[in-house]
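Naming: A, B, ... by sequence-line order, numbering from 1 per chain.
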Amino acid sequence: MKKVKVYVTLRESVLDPQGSAVMGALHSMEYNEVKDVRIGKFLELQIEEGTSDIDTVVKEMCEKLLTNTVIEDYRFEVEEAVSK
Amino acid sequence: MKFAVIVFPGSNCDIDMYHAIKDELGEEVEYVWHDEKDLSGFDGILLPGGFSYGDYLRCGAMAKQSNIMSEVVKAAEAGKPVLGICNGFQVLTEAGLLPGALLRNKNLKFMCRTVALKVVNNETQFTAGYEKDEVIQIPIAHGEGNYYCDEETLASLKENNQIVFKYASENPNGSIEDIAGIVNVKGNVLGMMPHPERAVHELIGGSNGLALFKSIVKQWRETHVSNA
């Protein structure tokens, strides 16, 4: 079993109003060193190892459903799942 | 003319759409559940507003994977009119039938009010019943209607005259170039955030939306009922 962590963020070119609002709040708390905030999503998948290449399969899932590449970027990490 | 109103779990403007077609337009209409696999008996496809699949993951992301969507794609390819309103617009962009995407409203609020729209393109089968640059009053109700596309896409939208509706006075969601609705290159798929189906009778606050539906029917009759 593999654990796959998928990180999704809005593309650089896309305005992130939530991120801007959070940055405004951080500034009002006097954390003026904060220069940008981008809010994204984190997905964790447990995937059984099969015959197909896991990187290829996860990339497919990301492009077909998990992300919208018109507005979002993604990256993922594959780890050994720790059995409970 | 026979319309299909596609119903996803979480659709909530399907009944308004149904009544607009049946009672105000006087055409045939049926609900079609998202699990169905056939739209061959219909002349026009309507994707209503709402929150399909609870807007989980992204608006319209899960809806595009449902059985009926491959039929909607087929209908669009066959040149049938396909109209997506609000969540329906989001589904059409997710499915790749229209370019771009709908982002969270710039002010992060759900906006629910009547807005002024300008018909910037009245040469489509959806807008032939309006004057060019006519300003109409249509309700909006959305939290994620901020139309976005990259510059290259925007240039091609302009070049192909695909921008159909723009917000005329205030832009309620921060959409690029005040875009409220676009068509595909072929002109038979329209996506728009405002709700024309909620503006079909004076009793509900206005009837500026009715001309859109009438335009579809008029065009369809002209092409399909030649011996009338």
Heavy-atom neighbours of [X] [atom1] exceed 12 at 6.0 Å:
X	atom1	result
B/K132	NZ	yes
A/E30	CD	no
A/F42	CZ	yes
A/E33	CD	yes
B/E151	CD	no
B/E123	CD	no
A/L26	CG	yes
B/Y56	OH	no

What residues of residues 75-107 of chain B make heavy-atom contacts with chain A at a cutoff under 4.5 angstrom?
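Result: B/E94, B/G100, B/A101, B/L103, B/R104, B/N105, B/K106.
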Considering all heavy atoms of both residues, which atom of B/K64 and which atom of A/K64 are nearest to each other, and what is their separation?
NZ-O, 2.8 Å
Over all atoms of both residues, closest heavy-atom pair of B/Y148 and A/V70:
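Reported closest heavy-atom pair: CE2-O, 3.8 Å.
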If you count heavy-atom pairs under 4.5 Å between each of A/V14, A/N68, A/I71 and chain B, which one has the most?
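Highest number of heavy-atom pairs under 4.5 Å: A/N68.
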Pick whichever of A/L43, A/L66, A/V8 has the most heavy-atom pairs under 4.5 Å with chain B.
A/L66
Counting only non-hydrogen atoms closer than 4.5 Å, does B/L108 touch chain A with its backbone (N, CA, C, O), its side chain (CB onward), both, or neither?
side chain
What's the separation between atom CG in B/L57 and atom NZ in A/K41, rounded to the nearest 0.5 Å?
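Atom-to-atom, B/L57:CG and A/K41:NZ are 5.0 Å apart.
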